[in-house]
Amino acid sequence: MLATAQRLHGFTESVIREMTRVAHQHGAINLSQGFPDFDPPGALLAAGAREMAKGDHHQYAITWGAPAFRRALAEKQSRLMGMEIDPDAHVVATCGGTEAMLVALMTVCNPGDSVVIFSPFYENYGADTILAGARPIYVPLHPPDFPFDRDELRRAFAQKPRAIVICNPSNPCGKVFTEEELTFIGELAREADAFIITDEVYEHIVYAPHRHVYTASLPGLWERTLTVGSLSKTYAITGWRLGYVIAPASIIAQARKVHDFLTVGAPHPLQEAAVTALRFPSEYYEKLTAAYALRRDVFLDYLRRVGLKFSEPQGTYYVLVDIAEFGHADDTAFCHWMAKEIGVAAVPGSSFFAEPVRYLIRFHYAKKEETLHAAGERLLRLRQKA
Ligand code: GLN
């Protein structure tokens with residue numbers, strides 16, 4: 001047999017997506033792969049139906065994004081970031097945040113470069129870094145509260161990385177980086193002349209008193225920051241595959257080429273429909289945050305009733321839970337057992353950690369309240385069955 005590319009041996013298939021298959025196999029409630037089971041906003045669905053029925057937008061859009069989409073996105077993000085985002089110079093629309101991250105890394109990395117990634121990390125980052133020809137340097141966020149150690153980060157930057165990836169708010173640990181932490185990271189990036197790639201797909205899912213700080217809007221950081229965003233989580237449309245990179249014009253000019261040759265473009269009619277959502281008033285985002293705070297409270301209450309130890313999420317819709325006391329061989333064995341015997345699927349925490357952490361599992365709660373109650377009732381049986 002001919003050997004396939006060596007770089008592919010540096011990572012495995014996605015465990016998150018695998019756990020969705022395991023959930024289906026056992027008919028388990030799927031709290032593994034993070035996507036909603038509730039409908040997108042009605043006005044957005046109506047806009048989608050209108051776009052599909054029209055003949056206008058069924059062919060390619062401009063490769064870096066339909067003008068109306070970029071304009072609406074730039075208006076929204078300018079407002080939130082408190083700075084002028086130019087729809088014609090600072091934006092590339094992509095097929096989801098997933099493509100946006102790969103585009104960002106391929107835009108900045110040279111072969112043999114290194115990229116600092118906080119661990120635990122969203123599993124795509126390691127694979128994307130390797131696909132971009134670079135090597136990850138992992139810096140731990142320490143459970144249970146997930147701060148980083150400044151000296152550990154300094155040591156990583158001493159290796160002269162090309163970039164650092166921040167997930168803020170963080171999947172899977174729910175950490176929201178403070179302005180002070182981001183400023184410190186920014187100082188190290190400036191000293192090392194490194195890029196900052198910040199994945200902000202959960203920007204609207206942050207629980208008070210925590211608040212989201214846009215790294216690109218901090219003093220002196222715009223010029224080296226690539227912001228990765230997505231409409232998937234904000235409007236419950238993970239299947240539409242709409243994301244973007246926002247960065248200075250000189251970076252975007254290069255990122256457009258990467259994106260063009262990777263995918264040509266994000267779905268044109270869906271970009272046009274999304275303009276409706278991007279123009280939602282601020283109440284939409286307030287309600288979104290409140291709805292997620294409620295889902296969090298419902299789900300965490302069950303975890304408390306079961307007596308599980310967990311790190312309270314500051315943002316995102318994920319929670320890492322400690323399963324050490326159940327005495328399974330490891331987190332993977334536990335997740336397979338739980339899907340089969342309890343009927344709830346989660347993701348083994350080890351797929352997010354570079355360090356040998358085998359006692360955490362990740363649940364997500366982007367689900368209808370009734371789904372969370374059903375899952376919670378099943379989890380109440382954990383102790384009887386374990
Ligand atoms: N971001 C979601 C998660 O972490 C879904 C990822 C995906 O499968 N694209 O579960």
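For ligands, and for the atoms within them, numbers begin at 1 and follow the listed sequence. The first residue of the sequence shown is numbered 1, and numbering continues consecutively from there.
In this structure, His204 and Leu80 approach most closely via the heavy-atom pair CE1-CD1, 3.7 Å.
Near Asn171, with a cut-off below 4.0 Å to any heavy atom, the atoms of ligand 1 are 1 (N), 3 (C), 4 (O). Heavy-atom contacts of Tyr202 reach the following atoms of ligand 1: 1 (N) (cutoff under 4.0 Å).
A salt bridge links Asp88 and Arg70; the closest N-O separation between the charged side-chain nitrogens and carboxylate oxygens is under 4.0 Å. Under the 4.0 Å criterion applied to side-chain N and carboxylate O atoms, Lys175 and Glu181 are assigned as salt-bridge partners. A salt bridge links Lys54 with Glu51: the closest approach of a Lys/Arg side-chain nitrogen to an acidic carboxylate oxygen falls below 4.0 angstrom. A salt bridge links Arg383 to Glu325: one of the charged nitrogens lies within less than 4.0 Å of a carboxylate oxygen. For Lys233 and Glu203, the salt-bridge test fails: no basic side-chain N is under 4.0 Å from an acidic carboxylate O.
For the pair Glu123 and ligand 1, no heavy-atom separation below 4.0 Å is found.
Only the side chain of Arg17 comes within contact range of ligand 1, with a heavy atom under 4.0 Å; no backbone atom does. At a heavy-atom cutoff of 4.0 Å, ligand 1 is contacted by the side chain of Tyr318 but not by its backbone. Only the side chain of Lys233 comes within contact range of ligand 1, with a heavy atom under 4.0 Å; no backbone atom does.
Taking atom 8 (O) of ligand 1 as the reference point, the nearest protein heavy-atom neighbour is Gln33 NE2, 2.6 Å. If you check which protein heavy atom lies closest to atom 9 (N) of ligand 1, you get Tyr122 OH, 3.5 Å.
Looking at Gly34 next to ligand 1, an N or O pair under 3.5 Å apart turns up.
Using a 30° and 60° split on the angle between ring planes, His212 and Tyr214 fall in the perpendicular class, above 60°.
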